[in-house]
Amino acid sequence: MSAGVPEIHVLDLKARLDEGDAPVMVDVREAFERAIADLPESGQRHMPMAAVPQRFHELPRDADIVVYCRSGARSASVVQFLQAQGFEGAVNLAGGVLAWQEDVDPTLTRY
């Protein structure tokens, strides 16, 4: 856990996805980043970090939410924001897409 932000490890998320227990996935990267590398399709919501303050109302308050970015830094900030708005189930994907590439899918392009 970084700076008090709750996190989920990529292997734990992969296990949940494999079991069909998909949390709400929120990708806070820019569109060009998604074009380079992304996690497997699980109905992700694409909400660039700058848009979160205007769009967080689109997220279900009572769901498990996993927020991710390239390395986990932007998504950690978004998780802090969401928790301040009452989203108790929001967690950061530790290490982001880079950790997913390293521990789960080495075929993803590293950027």
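Quick caveat: nothing in here was measured; it's all calculated off a predicted structure. Position 1 is the first residue of the sequence; numbering continues from there.
No single ILVMFWY cluster, assembled from side-chain heavy atoms under 4.5 Å apart, contains both L39 and Y111. At a threshold of 4.5 Å between side-chain heavy atoms, the hydrophobic network of Ile, Leu, Val, Met, Phe, Trp and Tyr places L98 and V28 in two separate groups. The same ILVMFWY cluster, assembled from side-chain heavy atoms under 4.5 Å apart, contains both L11 and Y68. Cluster membership check: L93 shares its hydrophobic cluster with V97, using side-chain heavy-atom separations under 4.5 Å among Ile, Leu, Val, Met, Phe, Trp and Tyr.
Pairs engaging residues 92-111 under the salt bridge (charged side-chain N to carboxylate O under 4.0 Å, His left out) rule: none recorded [sequence neighbours left out].
Here the side chain of E41 pairs a donor or acceptor atom with the backbone of G43 at under 3.5 angstrom. Put simply, the side chain of E58 never gets that close to the backbone of Q54: no donor and acceptor are under 3.5 Å apart.
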| Test side-chain contact (heavy atoms from CB on, under 4.5 Å) applied to V26 and V78, step by step | CA-CA 10 Å; V26 180; V78 170; 5.7 Å; no
| Audit row: L13, M25, side-chain contact (heavy atoms from CB on, under 4.5 Å) steps and yes/no | CA-CA 10 Å; L13 175 60; M25 302 283 293; 3.6 Å; yes
| message | What verdict does the side-chain contact (heavy atoms from CB on, under 4.5 Å) test give for V52 and Q85, after you've listed the backbone C-alpha separation in whole Å, the side-chain angles of each residue and the deciding distance to 0.1 Å? | response | CA-CA 11 Å; V52 171; Q85 307 309 312; over 6 Å; no
| query | Under the side-chain contact (heavy atoms from CB on, under 4.5 Å) criterion, do S77 and M49 qualify, and how do the steps go? | reply | CA-CA 9 Å; S77 295; M49 184 177 178; 3.7 Å; yes
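Applying the side chain to side chain contact (heavy atoms under 4.5 Å, CB included) rule to V91 yields the partners P6, I8, V66; only residues at least two apart in sequence or on another chain are considered.
Side chains of L17 and P23 form a contact here, defined as non-hydrogen atoms less than 4.5 Å apart.
A salt bridge links K14 with D18; the closest basic N to acidic carboxylate O contact falls under 4.0 Å.
Here F87 contributes atom CZ and D64 contributes atom CG; the two are 13.0 Å apart, rounded to the nearest 0.5 Å. Rounding to the nearest 0.5 Å gives a distance of 13.0 Å between CD of E33 and OG1 of T109.
Residue E88 places its CD atom among 12 or fewer non-hydrogen atoms of other residues, nucleotides or ligands, all under 6.0 Å distant.
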